[in-house]
Visitor: 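The structure under discussion is supplied below as structure tokens; questions concerning it will follow.
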Amino acid sequence: VLSCSCLPDLREDENPPCTAENKQDIERQCNVLKSDKFEVCHSLVNPDDFIEICVYDMCQYDGMKSALCDIVQVYVDTCKNHGVTIKWRNSTFCPLPCPSRSHYKDCVSACPSTCSDIFASSLCEKTEECTEGCECDDNYVLSNGNCVPLSSCGCRDDDNNYYSVSSLWGKSLTSK
């Protein structure tokens with residue numbers, strides 16, 4: 001005869017450390033998932049479990065906004081996996097910080113233009129898939145992870161080798 005016994009549950013209480021006052025405010029914030037903006041997904045993905053996790057995490061981390069934004073992002077990603085895209089970020093609600101000379105877009109190219117391939121985004125295979133992210137401002141392209149003016153990009157030689165502007169300084173350029 002096989003006998004199994006369970007160990008006692010020694011985990012801390014599952015109620016997060018929240019005061020009644022801040023819990024009410026946190027619940028209000030997490031309930032954003034029940035708002036009209038997310039309603040298109042409610043029949044596919046019930047927001048209640050996400051709200052519960054959100055309240056727990058925000059209480060655990062003393063109302064930290066990034067906990068709210070992280071849970072909303074997971075909910076939106078789950079909806080996207082069910083074929084529903086939700087545009088939810090804006091400049092006041094969970095803004096995505098972008099480096100200088102770039103801006104947030106809810107759908108950016110998977111192949112951004114760069115100094116070494118200025119036409120990458122226009123030649124990129126167009127797909128339904130896109131992701132939110134930062135895109136360089138007009139007349140700027142990526143170079144080593146930063147958005148730089150097109151005018152500061154280098155050039156290519158006849159063998160299609162790319163040379164940055166800094167690598168050209170001090171070198172004598174001769175034509176073939």
Side-chain angles (χ1 to χ4, degrees), residues 4-115 120-121 124 126-149 152:
C4 294
S5 63
C6 293
L7 295 173
D9 186 353
L10 300 175
R11 293 177 296 175
E12 288 184 34
D13 188 6
E14 288 190 22
N15 292 319
C18 250
T19 64
E21 183 182 302
N22 74 352
K23 186 172 183 183
Q24 202 171 25
D25 183 50
I26 285 170
E27 285 175 339
R28 182 189 54 74
Q29 291 179 66
C30 292
N31 277 325
V32 70
L33 288 174
K34 289 187 176 179
S35 70
D36 292 347
K37 185 177 287 285
F38 302 95
E39 187 176 20
V40 67
C41 188
H42 289 169
S43 63
L44 298 168
V45 181
N46 186 335
D48 292 340
D49 290 340
F50 293 86
I51 292 168
E52 190 178 318
I53 294 166
C54 176
V55 169
Y56 185 91
D57 286 357
M58 284 190 74
C59 284
Q60 186 70 37
Y61 297 107
D62 199 28
M64 193 165 64
K65 288 278 192 248
S66 61
L68 169 66
C69 296
D70 289 348
I71 292 297
V72 173
Q73 180 68 63
V74 171
Y75 183 79
V76 168
D77 290 344
T78 305
C79 291
K80 189 172 186 174
N81 290 340
H82 284 83
V84 176
T85 301
I86 300 172
K87 297 178 182 180
W88 63 283
R89 288 187 193 270
N90 60 43
S91 60
T92 58
F93 185 70
C94 299
L96 191 68
C98 290
S100 62
R101 298 179 294 275
S102 68
H103 57 277
Y104 170 80
K105 281 186 77 175
D106 54 19
C107 184
V108 296
S109 171
C111 316
S113 295
T114 64
C115 274
S121 62
C124 185
K126 301 292 183 210
T127 64
E128 294 288 320
E129 288 296 311
C130 67
T131 184
E132 67 176 354
C134 298
E135 180 177 83
C136 290
D137 295 340
D138 288 344
N139 297 315
Y140 286 83
V141 294
L142 278 177
S143 178
N144 295 324
N146 298 310
C147 293
V148 300
S152 69

Visitor: Would you call Val55 and Gln29 a side-chain contact if the rule is heavy atoms closer than 4.5 Å?
Guide: no
Visitor: For the residue pair Phe93 and Leu68, establish whether any side-chain heavy-atom pair is separated by less than 4.5 Å.
Guide: yes
Visitor: To the nearest 0.5 Å, tell me how far Glu135 CD sits from Arg101 CZ.
Guide: 15.5 Å
Visitor: Going by heavy atoms in the side chains, are Pro47 and Tyr75 under 4.5 Å from each other?
Guide: yes
Visitor: Among Val32, Ile71, Leu33, exactly one meets side chain to side chain contact (heavy atoms under 4.5 Å, CB included) together with Ile51. Which residue is that?
Guide: Leu33
Visitor: Where do Gly133 and Leu96 come nearest, in terms of heavy atoms and distance?
Guide: CA-CD2, 3.8 Å
Visitor: Show your working on salt bridge (charged side-chain N to carboxylate O under 4.0 Å, His left out) between Lys80 and Asp77 and close with a plain yes or no.
Guide: CA-CA 5 Å; Lys80 189 172 186 174; Asp77 290 344; over 6 Å; no
Visitor: Any non-hydrogen side-chain atom of Cys41 less than 4.5 Å from a side-chain atom of Ile86?
Guide: yes
Visitor: Apply side chain to side chain contact (heavy atoms under 4.5 Å, CB included) to Pro95 and list each qualifying residue two or more places apart in sequence or on a separate chain.
Guide: none
Visitor: How far apart are the C-alpha atoms of Val74 and Asp70, what are their side-chain angles, what is the distance that settles it, and do they pass the side-chain contact (heavy atoms from CB on, under 4.5 Å) test?
Guide: CA-CA 6 Å; Val74 171; Asp70 289 348; 5.6 Å; no
Visitor: Is the CG atom of Asn144 crowded by more than 12 outside heavy atoms at less than 6.0 Å?
Guide: no
Visitor: So Pro99 and Cys147, do their side chains get closer than 4.5 Å, heavy atoms only?
Guide: no
Visitor: As an exercise, state the distance from SG of Cys30 to NZ of Lys23, rounded to the nearest 0.5 Å.
Guide: 10.5 Å
Visitor: Contact between Asp62 and Asn22 at the side-chain level, heavy atoms closer than 4.5 Å - yes or no?
Guide: yes
Visitor: Out of curiosity, Glu39 CD to Lys34 NZ, how far, rounded to the nearest 0.5 Å?
Guide: 12.5 Å
Visitor: With a 4.5 Å cut-off on side-chain heavy atoms, are Arg89 and Gln73 touching?
Guide: yes
Visitor: Does the side chain of Leu142 come within less than 4.5 Å of Cys136's, by heavy atoms?
Guide: yes
Visitor: Looking only at heavy atoms, which two atoms of Cys115 and Val148 are closest? And how far apart?
Guide: SG-CG2, 3.7 Å
Visitor: Hey, what's the ring geometry for Trp88 with Phe38, parallel, tilted or perpendicular (30° and 60° as the breaks)?
Guide: tilted
